[in-house]
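Presented below is the structure to which this report refers.
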Amino acid sequence: MIDFKDIIAKEISKATNISEKELESYIEKPKDSKNGDYAFPCFRLAKELKKAPPAIANEIKEKIILDENIMDKVEVVGGYLNFYINKKLLAKEVIEAVDKNEEFGKSDIGKGKNIVIDYSAPNIAKPFHIGHLRSTVIGAALYNIYKILGYNVIGINHLGDYGTQFGKLIEGYKLWGNEYDLDKDPIGELTKIYIRINELCKEDEKVLEQCRYNFKLLEDKDEYCTKIWEKFKELSLQEFKKVYDLLGSEFDSWNGEAFYSDKMPEVIEILQKTGKLQKSQGAEVINLEDKGIDTPCIIKKSNGSTTYATRDLAAILYRARTYDFDKALYVVSYEQTLHFKQVFEVAKLLGIDKKYTDGLEHVAFGMVLLPSGRMSTRAGNMIKLEDLLNEAIQRAKEIIEQKNPELEDKDDVAKKVGIGAVIFNDLANSRIKDEIFDWDTALNFQGETGPYIQYTYVRTNSVLQKAGDLPKVEDINIDYLVDEYSQNILKLVYDFEETLKQVTNKEEPSILSRYLIDLAKAYSNFYNENKIIVEDKDVQNARLYLTYIVGKVLKTGANLLGMEMPNKM
Ligand code: ARG
């Protein structure tokens, strides 16, 4: 599509001799379209040109020559230059672009670049709780969006399948394994064992020692410990898969923490050679005080076992070599900010190219709190994700039964709507915000929610179906798409690819969620204002095609967020 910003920047550049790139970064999109489609704030140049902004605006206006087939007009308002793009050109550009692209929004700007996304990563033998939902959903949305922009994306589920907690579980299982029915409710029963052994560890230092020793045995490939650990892992994965099936999640790699057990010696050796590995109370640590991080990064514990951080370092080394990444994103709660600061700093000592350490990024997100406070496995007040998702489907089903009992494939629609509601709820706000989890908000099917987007999409479908055949692009008279409501839609569609780019600039899927709500609202306004099926075929064709475009973008956008779209609801 024609690049309006670029055209404006070029003209202003000719008039001022300032670089196009600089100028382009100043161009704004006014909130109110009364102030134009694009605006240039001249105060940005006041210092450089030593003049008052309104004077600069007037001078630029005199000098620039804008093709009237591209811009309707330019106006000076105070220190601003307001540009009004040609409405017919906008309509023509958007229609042609949608018609030409099999997958509108797809591009190749990411060609040749590798993006590793580490997300989901639940812990074996612990419930897959609602805290992991955020990582799974944000990670999957980023994955899809990078992919449509042409990047080569590698999604990794860095399972928490290693660490001292397994020493504890092994001990608990040894002591009381026969009291629990692992086959019936594996994670539920293992959680009980975990809570119980933790209690015992608090009372008895010797038991705690034994637990730590068990993990050491596991690291040393002890046969008995390995066998129990494998059983825990298998049972847990079976449970996790149920949740992933409901969400439609897929991963390119399931290499969890244990995968790095034989890759840590190399890390430790490299760190030793740097001379920065220090002994501290029996443990081996890297001091990071001179980097402004007060807490040292523990590489090896006093009993010789490795840590979560050591495994992440081994993973960085492995991923740099295996995937040659341009960016490696870690979609993990902000509770782990310190961990990633430490690990990213120590990674600079691994001797890998600066390209890799520069590409490491913690994509932090807020916590999910219960109205009563935070959740913890030990306190036993976790909400299980599987329960949440099934409840969402159930509630969606009840609403369908009330509103549209004749609907075909009710179960399938209920699944798409219920899960869609949960996913969208999770992506609706900027990721860093804490979220107080509440059933009614998560499952709200009105207002700015996933079901509202699905509903708008379904509406576009039913309009198109009622009309019969989709008009040919050659048969569309763009004169009928210059009204305010049509133009609002066209402008949003024009911005679709730019919106996807912004998501990847900020690693912020909520930018797309917001966009889809805006588009759905713009269509609702258009629909309420303009009759679509009318006598005049020219009018009808134009409005039908616009409806088709909206449906297409809503569907692509919602799919990118990980939602499925029902055809009817
Ligand atoms: N399993 C960890 C947790 O639940 C998250 C792992 C995130 N990824 C990583 N490479 N550290 O807290």
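As the structure lists them, so they are numbered: ligands from 1, and atoms in each ligand from 1.
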For ligand 1, is Tyr119 a contact, meaning one of its heavy atoms is under 4.0 Å away?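 Flag not set, Tyr119 not near ligand 1.
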Does His132 reach ligand 1, in the sense of a heavy atom lying below 4.0 Å from it?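 Judged by the 4.0 Å heavy-atom criterion, His132 does count as contacting ligand 1.
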Interfacing atoms of ligand 1 (cut-off 4.0 Å, heavy-atom, Gln336): 3 (C), 12 (O)
Decide, yes or no, whether a salt bridge links [X] with [Y] under the criterion of side-chain N to carboxylate O below 4.0 Å.
X	Y	result
Arg196	Glu203	no
Arg319	Asp118	yes
Asp245	Lys241	no
Lys184	Glu189	no
Arg431	Glu507	no
Glu209	Lys206	no

Please check whether [X] reaches ligand 1 - meaning an N/O of the residue sits under 3.5 Å from an N/O of the ligand, judged on distance alone.
X	result
Tyr330	no
Tyr308	yes
Glu257	no
Asn123	yes

Qualifying residues under ring pair (Phe, Tyr, Trp, His ring centres under 6.0 Å), relative to Tyr213, sequence neighbours excluded: none
Just jot down the ring pair (Phe, Tyr, Trp, His ring centres under 6.0 Å) partners of Phe259, sequence neighbours excluded, or say none. Tyr318
Short version for Phe128: what comes under 4.0 Å of ligand 1, heavy atoms counted, is neither
Heavy-atom distances under 4.0 Å decide this one: backbone, side chain, both or neither, for Asp312 against ligand 1?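 Within the 4.0 Å criterion, Asp312 contacts ligand 1 through side-chain atoms alone.
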Nearest protein heavy-atom contact for atom 8 (N) of ligand 1: which residue, which atom, what distance? Asp118 OD1, 3.1 Å
For atom 2 (C) of ligand 1, which of the options Ala121, Ala328, Ser120 provides the nearest non-hydrogen atom?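 Closest candidate by heavy-atom distance is Ala121.
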